[in-house]
Amino acid sequence: MQWQFADKRLEKIYDKVEQKTRLSKEDGLLLFETFDLNGVGMLANKVRERLHGKKAFYIYNQHINYTNICKNRCLFCAYAVDKGEASSYSWDIKEIEKRLMDRIDEPINELHIVGGLNPDLPFSYFTDLLKAVKKIRPNAKIKAFTCVEIDYLSNLSGLSVDETIAALKEAGLDMMPGGGAEVMSERVRKKLFPKKMGKERWLEIMEAVHRAGIPSNATILYGHIETIEERVEHLILLRELQDKTYMLNKTALSKTPFERKGGFSAFIPLAFHSANTKLLHIPSTTAFDDLKMVAISRLMLDNFPHIKAYWVMIGEKLAQVALNYGADDLDGTIIEERITHTAGAKSAKGLTREFMEDMIKSAGFTPIERDSFYGEVNVKH
Ligand code: V47
Ligand code: SF4
């Protein structure tokens, strides 16, 4: 029997989901406009179950935010400071080695490494950093640097974008996180992150990254001044790039457990947190908005294998609920997250593997510990 939608307009989207037809911009707008959250969630869950059944993924990871000095100073960012400010820091390679060694007994599978744009760091710092991490953790994958950092490093080194990516890959870069695109709207960029690259450059660099055989994630920063239309346009731009890199990388990137269809692996909606930013007047996102963002991402991004509910941003409890609204991944155990916690996130600093597994099981899903490429690890049969 067909689901009884509170908002009958969703019936035509149900038919499209059933027939695996791509949703249009108008469909995306309707999904954001409707108050029928459970209807939207049911549709997203249908897609989620088709792709992953009852599996829910997480990873045992460690974040390394190597410096908080950043010359961009985006208005939404609480993490970045100017050089000389009391809270500024920049870790040298020895400090990073120490932080890795402090946790060497833990079964960490992925190092997530990002930082600000600190003019004092030479290009060699970045290749040395990757090599040092690989030496200490040869079996873990390195997911590092956003397109913003790649663009910066290309300018710093005088290398082309392709050469920069090749040099970083050679030094140990395995994958890139999402981040940096924020919301692909020139209107929003001018107001909130005027010093950061625009959407054309972000898409151009991401395409080059995928062409080089390096997979990445993608994100959206939502819940500030963006419109619903800008959110939908952002999702469509990502979907189009995913189609394009599939064509480019048919052989290189499709041989993964889930037959990845392009360079993008997961999409992560990031809920804006205003504490300690210049946008303090903007209220937090609501649970309604957070769940809808997850669900609509699942529905619009039909060519993305994974949607993450990032518990650091929306809290452990809502992330668990989001598993029924289209999300199939809860990201990682993470012990030390700085970017969102500086902006006032109330979530825990880190979760144990047991907590993560219990959270997934009690929502009716099967926990799967994964590696960076969604290969299953520590499988207990
Ligand atoms: O690009 C900055 C966001 C991003 C705030 O790929 C903020 O697996 C909320 O990209 N409130 C970096 N968000 C984080 C990121 C990420 C996180 C987790 C997993 C992955 C992945 C990627 O953090 C930035 C920006 O969009 N951000 N300030 C803030 N006040
Ligand atoms: Fe710098 Fe990134 Fe923060 Fe912008 S979001 S100020 S680029 S660290």
Side-chain angles (χ1 to χ4, degrees), residues 57-59 61-63 65-83 88 90 110-119 141-152 174-184 188-189 192-197 202 206 209 214-224 226 234 238 263-280 282 284-285 290 293 304 306-314 319 329-334 337-347 370 372-374:
F57 300 92
Y58 73 95
I59 192 163
N61 63 349
Q62 179 176 8
H63 276 212
N65 299 130
Y66 54 90
T67 181
N68 65 351
I69 297 172
C70 185
K71 67 181 187 64
N72 274 1
R73 301 306 307 269
C74 307
L75 268 69
F76 58 77
C77 180
Y79 169 71
V81 298
D82 288 336
K83 183 180 173 183
S88 67
S90 195
E110 180 182 271
L111 285 314
H112 179 146
I113 307 174
V114 285
L117 308 183
N118 178 353
K141 296 284 180 273
I142 304 181
K143 181 177 76 178
F145 313 134
T146 65
C147 290
V148 179
E149 285 157 293
I150 300 289
D151 182 50
Y152 176 73
D174 295 297
M175 185 180 179
M176 272 173 56
E182 316 313 352
V183 52
M184 289 189 267
V188 177
R189 191 184 78 80
L192 299 193
F193 48 102
K195 292 196 185 159
K196 200 180 259 186
M197 59 170 58
W202 191 89
M206 209 38 122
V209 167
I214 297 198
S216 78
N217 293 332
T219 58
I220 185 171
L221 179 69
Y222 69 97
H224 42 87
E226 86 290 359
H234 182 94
L238 293 174
F264 288 121
S265 183
F267 179 73
I268 309 127
L270 302 173
F272 175 57
H273 286 62
S274 67
N276 301 315
T277 74
K278 295 203 171 84
L279 306 170
L280 205 54
I282 297 182
S284 305
T285 57
D290 293 336
M293 193 65 234
F304 272 59
H306 302 282
I307 304 291
K308 271 191 206 178
Y310 189 38
W311 62 264
V312 174
M313 293 278 176
I314 60 172
D329 189 335
L330 293 181
D331 196 75
T333 47
I334 313 171
E337 196 279 342
R338 288 166 181 260
I339 298 174
T340 328
H341 284 102
T342 326
K346 300 279 184 292
S347 53
R370 64 169 178 89
S372 298
F373 305 131
Y374 287 85

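Atoms within a ligand are numbered from 1 in the order they appear, just like the ligands themselves. Being a predicted model, the structure only gives us computed values, none of them experimental.
- For A271, the heavy-atom gap to ligand 1 drops under 4.0 angstrom.
- Geometrically, ligand 1 and N217 share a nitrogen or oxygen pair separated by less than 3.5 Å.
- In the model, D290 has a side-chain atom that pairs as donor or acceptor with a side-chain atom of Y222 under 3.5 Å.
- Atom CE of M293 and atom CD1 of I314 lie 11.5 Å apart (nearest 0.5 Å).
- A distance of 12.0 Å separates OG of S90 from CG of N65, quoted to the nearest 0.5 Å.
- Counting the atoms of ligand 1 from 1 in the order shown, those under 4.0 Å from a heavy atom of G179 are 1 (O), 10 (O).
- Residue-to-ligand polar distances keep F272 apart from ligand 1: every N/O pair is separated by 3.5 Å or more.
- With sequence neighbours left out, S274 forms a side-chain contact (heavy atoms from CB on, under 4.5 Å) with F272, T277, L280.
- The single protein non-hydrogen atom nearest to atom 7 (C) of ligand 1 is L221 CD1, 3.7 Å, given as residue, atom name and distance.
- Inspection of the environment of atom 3 (Fe) of ligand 2 yields the following protein N, O or S atoms under 2.8 Å: C77 SG.
- The minimum heavy-atom distance between G180 and K196, with the atom names listed, is O-CD, 3.5 Å.
- In the model, D329 has no side-chain atom that pairs as donor or acceptor with a side-chain atom of Y310 under 3.5 Å.
- In this structure, the protein non-hydrogen atom closest to atom 20 (C) of ligand 1 is H112 CE1, 3.5 Å.
- Side-chain contact between H273 and S284: absent, with no pair of heavy atoms (C-beta onward) separated by less than 4.5 Å.
- With distances taken over non-hydrogen atoms, the option nearest atom 2 (C) of ligand 1 out of F193, Y222, F76 is F76.
- In this structure, C70 and N118 have side chains that are not in contact, with every pair of non-hydrogen atoms separated by 4.5 Å or more.
- Ion pairing between K143 and D174 fails under the 4.0 Å rule for side-chain N and carboxylate O.
- Given atom 25 (C) of ligand 1, the protein heavy atom at minimum distance is E182 OE1, 3.2 Å.
- T342 and N276 form no side-chain donor-acceptor contact under 3.5 Å, judged by distance and modelled atom types alone.
- Nearest non-hydrogen protein atom to atom 4 (C) of ligand 1 is L270 CD1, 3.7 Å.
- Of the protein's heavy atoms, I339 CD1, 4.3 Å lies nearest to atom 12 (C) of ligand 1.
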Would F267 and H306 satisfy ring-ring contact (aromatic ring centres under 6.0 Å, His included), going step by step from the backbone distance to the final call? CA-CA 6 Å; F267 179 73; H306 302 282; over 10 Å; no
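- Between G178 and ligand 1, at least one N/O pair is under 3.5 Å apart.
- Residue M176 places no heavy atom under 4.0 Å from ligand 1.
- In terms of N/O distances under 3.5 Å, ligand 1 is not approached by T277.
- Applying side-chain contact (heavy atoms from CB on, under 4.5 Å) to F76 and the options I282, L270, L192 leaves one that passes, L192.
- Nearest heavy atom pair, residue G332 against residue N61, reads CA-OD1, 3.4 Å.
- In I268, the part holding a heavy atom less than 4.0 Å from any atom of ligand 1 is the side chain.
- Under a 4.0 Å criterion applied to the non-hydrogen atoms of K308, ligand 1 contributes the atoms 8 (O), 21 (C).
- Here the heavy atom of the protein found nearest to atom 7 (S) of ligand 2 is K196 CE, 3.4 Å.
- Using cut-offs of 30° and 60° for the angle between ring planes, the F145 and Y66 rings count as perpendicular.
- Using a cutoff of 4.0 Å between basic side-chain nitrogens and carboxylate oxygens, R189 and E182 are not scored as salt-bridged.
- Close N/O approach between H273 and ligand 1 is found [any backbone or side-chain N/O within under 3.5 Å].
- For Y310, no nitrogen or oxygen atom sits less than 3.5 Å from a nitrogen or oxygen atom of ligand 1, counting backbone and side chain alike.
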